[in-house]
Amino acid sequence: MGSSPDNKLSNNQLSLFEKQRALEALVEFVEEVNTIETIKDAVWHVAHHTIKALNFEDCVIYLFDEEKGYLVQVAAFGPKNPVRQEILNPITIKLGEGVVGKCAQSKTSSFINDTSEEPEYIIDDRARASELAVPILFRGKLLGVIDSEHSLKNFYTRDHLRYVKVLASVLASKVALEKNILQLEETLKEKSVAHKLSEAYFNISEITHDAQSPEEFYSQLHNLIRKQINTESFCIVLYDKEKNLYSAPFLNDSEHGSQLNFDLNLSTEQMQQTLVAEVIRKQSPLIADNKELQKRYQLGQTIRYGKIPYCWLAVPFEINPELSGAIALQSYDEKVTFSESDLNFLSFLSKHLSVAIDRNTKDQKLQYQAIHDSITGLANRSLFVDRIDHAYLRCQRNSAPTIAVLFIDFDNFKQINDSYGHAAGDLLLRETAQRMKKQLRTSDTLARIGGDEFAILLEDLDNTNFAITIAQRILTSMNETVTFGKQSIVASLSIGVAFNDENCESPQQMMKNADHAMYHAKRSGKNKIEVYESSLHYAVVYEKKLVTELEQAINNNELLFYYQPIVNLNDFSVAGFEALMRWDHPDKGIIAPGEFIGIAEQYDLIQAIDQKLLETAGNTLKKWRQVTSTPPYLTINISAQRFTDNSFVGEINDLIRKFSIPAQSLIIEVTEHLLMKNIAKARLIFHKLKSLGIKLSLDDFGTGYSSLSYLNQLPFDLIKVDRSFIASLNEKESISPIINAIKAMATSMELEWVAEGIETNYQLDALCKMKCNLGQGFYLAKPMPEKEALALVRKGKIDI
């Protein structure tokens, strides 16, 4: 039965009414969505609106996760999820999976009238008869899917589809807008953070460069961090792995009086169980709340300066393989907590901080090395000069008490170095420094100013006696030997003392005065103390000038050698020569060795002189062998210091090889009083020389108490009877029982002997009557230059 026109109009009016109502609902929806701030609220609003406006049984909204590549259920309302703003069992769907996944993948709506006939349909909580899925697209880009299912077949109409498409379009705009806003905010935030980090990095670089001290560096670093993070406590902790030592170069804590504290000493045993140590050990940052801190404190795993913090944060850094550390912050206000953002900021900061601390540490090390001695750790000359300048000026400005400078120098330090090696010498320097330190006050300055020289600055003296007492204590402290391996080293010092008195016009003059006094102590016999007086000045200045000139003489070949014949008294042939050194001074002319050998030994110039002597001796013997088939031997006088020098035997061996001379053509002379200084060491050197074939001579025989003892202990080949016995021979005393006794002894011991100092014909005749074979003296021949000696070698004998 057909419908009447009135019924058709009524149906059309109903349809218009429904469309009008749907339009009004849609307008209302758009207005409401525009007032919603978050995407989460927007998608839930869409789910509820769809059911309310279209009488749907349910509505589920998925958003697409681009990173993971699947749809995530973000809103669901209906029989399965009757609670607003809560998804009971949220699911995820891959692209192309089920009706929803296919809709998302194809970006086209899916309109299913009968799900039983749809192979892609996936049953969720229970099967439903029809389904509608609409993609959420913005400018062709997939953002998500709106999905609805109904228990009736053929439930969804074209009007439903159009309506949901509009909802999807509005939601797409909202999601895109919110994402853009969030992305913009994130970008701005990242820029802000980047700007903050960039500014912090610049500031760290600036304070690293500008800070004049470690204290200033850490104080400025603290101010920098405090601008970015609200903290009531700031601490830097360092850990030296090699030394297993913790230190806190900086601490500022409100519970500690908000004072700046530097270089706190931390017990390693106490620190090892703390949170800071854990952060450093694991090199992993840590945030701890009050509950965690309470637990840690009860376990003894933190150090307290007051009440337990409400929040705690620490980030680690590593400076080098041996040195690491951490920045630690604390909050005592429950309103002030530390965030991941703070942790990230400090982590960034710590990377650059480690570089800054490393540079600061290296700068400190360089500064320390610049003003301290590397062997002893004492102040060096530069720092000592600065200290004495300040002390001297303070005395002038404030009429302060007396100050004193002590100049201290080892006696024969080079001999110790040559005998035992530089390692032993360095040990002696360090040990002596420690012994001297024990005699001083903490306010006194002890410095190594170069080589084997030390200096001491004594300030605020009530009288001059204190300086003398200190010097005496230092000399006494050196009585005990220094052990190096199996060797025992005995050393002595010479000390010069000067005051800021009428003899002093400047700090530099004061140092010179102490230096002059020390030189005089050496000249007076060493192991002594001398106080500077004006009378010392000229003698010391002369001696220093002589030392300088002697150094130049060695370099300028001003040291010459004269040769005095040793004559065979049977036929007056030349058996040998004694090489005698002379100094051809450019102004003073010829200077005898007695005037400069002692100074050369005292100021470590004797080895250079001996090397010159050996070189000349080798060259001379080589020339003599070229002019005669029976060349004479050559005796040379070597400093006693060389008989404790392990390198001496090697030098003699090198000499023999270099000039291709027979070892027995060289005789080394030594005097008895020189042997007394170190007979044990000399014995070893003598036997090594004998193994090379070198002959040995004892000079000035008979003048000491131990002559016979030395002949028994040492492998001598020749003895030279002292000139005092020869001088006793005259017209009245032509026979000497002592000389006869020496002759008998030498014969029994198979030793050659030489009569020294033959000055008259009476002495020569007497010696010839006593059957003396060898003689030397001015009556026979005076010392002569090299050319005359060479001519005499050619001739072979002297004229009498």
Any donor and acceptor pair, going by atom type alone, linking the side chain of [X] with main-chain N or O of [Y] inside 3.5 Å?
X	Y	answer
Arg582	Leu560	no
Gln439	Arg435	yes
Asn557	Ala553	no
Asn556	Gln552	yes
Gln564	Ala781	yes
Asn479	Thr476	yes
Thr432	Leu429	no

Would you say [atom1] of [X] has more than 12 non-hydrogen atoms from neighbouring residues, nucleotides or ligands within 6.0 angstrom?
X	atom1	value
Lys690	NZ	yes
Ile375	CD1	yes
Lys438	NZ	no
Glu480	CD	no

Close side-chain approach of [X] to [Y], heavy-atom, < 4.5 Å:
X	Y	value
Met581	Phe596	yes
Phe454	Leu493	no
Ile726	Glu759	no
Phe686	Ile668	no
Glu578	Tyr633	no
Leu569	Leu764	yes
Trp753	Leu774	no
Ile474	Ile495	yes

Side-chain donor-acceptor pair present, [X], [Y], cut-off under 3.5 Å:
X	Y	value
Asp409	Ser494	no
Asp373	Thr376	yes
Lys797	Asn568	no
Glu549	His585	yes
Ser382	Asn380	no
Glu669	Thr635	yes

Taking all non-hydrogen atoms of both residues, which atom of [X] and which atom of [Y] are closest, and how far apart?
X	Y	answer
Leu613	Ile638	CD2-CD1, 4.0 Å
Ala755	Cys772	CB-SG, 3.9 Å
Leu605	Val547	CD1-O, 4.2 Å
Tyr532	Asn513	CD1-O, 3.2 Å
Gln607	Ser647	NE2-OG, 4.0 Å
Asn637	Ala579	ND2-O, 3.8 Å

Mind checking the [atom1]-[atom2] spacing from [X] to [Y]? Nearest 0.5 Å is all I need.
X	Y	atom1	atom2	result
Gln611	Ile609	CD	CD1	10.5 Å
Lys437	Ser477	NZ	OG	14.0 Å
Leu655	Ile694	CG	CD1	7.5 Å
Leu666	Ile636	CG	CD1	4.5 Å
Ile667	Leu689	CD1	CG	13.0 Å
Lys743	Ile739	NZ	CD1	11.0 Å

Evaluate the side chain to side chain contact (heavy atoms under 4.5 Å, CB included) criterion for residues Leu780 and Gln776: first the C-alpha distance (whole Å), next the side-chain angles of each, then the deciding distance (0.1 Å), finally the verdict.
CA-CA 7 Å; Leu780 297 173; Gln776 181 181 359; 5.6 Å; no

Asp452 vs Arg448, salt bridge (Lys or Arg N to Asp or Glu O under 4.0 Å): CA-CA, chis, key distance, verdict:
CA-CA 8 Å; Asp452 59 339; Arg448 181 185 176 215; over 6 Å; no

If the threshold is 4.0 Å, N to carboxylate O, is there a salt bridge linking Asp717 and Lys695?
no

Could you walk me through whether Met518 and Glu530 pass the side chain to side chain contact (heavy atoms under 4.5 Å, CB included) test, one step at a time?
CA-CA 6 Å; Met518 183 269 291; Glu530 286 287 347; over 6 Å; no

Can you tell me how the ring of Trp624 sits relative to the ring of Phe577, calling it parallel under 30°, perpendicular over 60° and tilted otherwise?
tilted

Once salt bridge (Lys or Arg N to Asp or Glu O under 4.0 Å) is applied, what residue pairs with a partner in residues 648-661 remain, sequence neighbours excluded?
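Sorted result for residues 648-661: Glu615-Lys658, Arg642-Glu651.
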
Given the rule in the side chain to side chain contact (heavy atoms under 4.5 Å, CB included) test, do Leu383 and Leu378 qualify, once you have shown the distances and angles that lead to the verdict?
CA-CA 10 Å; Leu383 180 55; Leu378 300 177; over 6 Å; no

With side chain to side chain contact (heavy atoms under 4.5 Å, CB included) as the test, would you mind laying out the steps for Ile529 and Gln472 before giving the verdict?
CA-CA 8 Å; Ile529 303 164; Gln472 289 171 338; 3.5 Å; yes

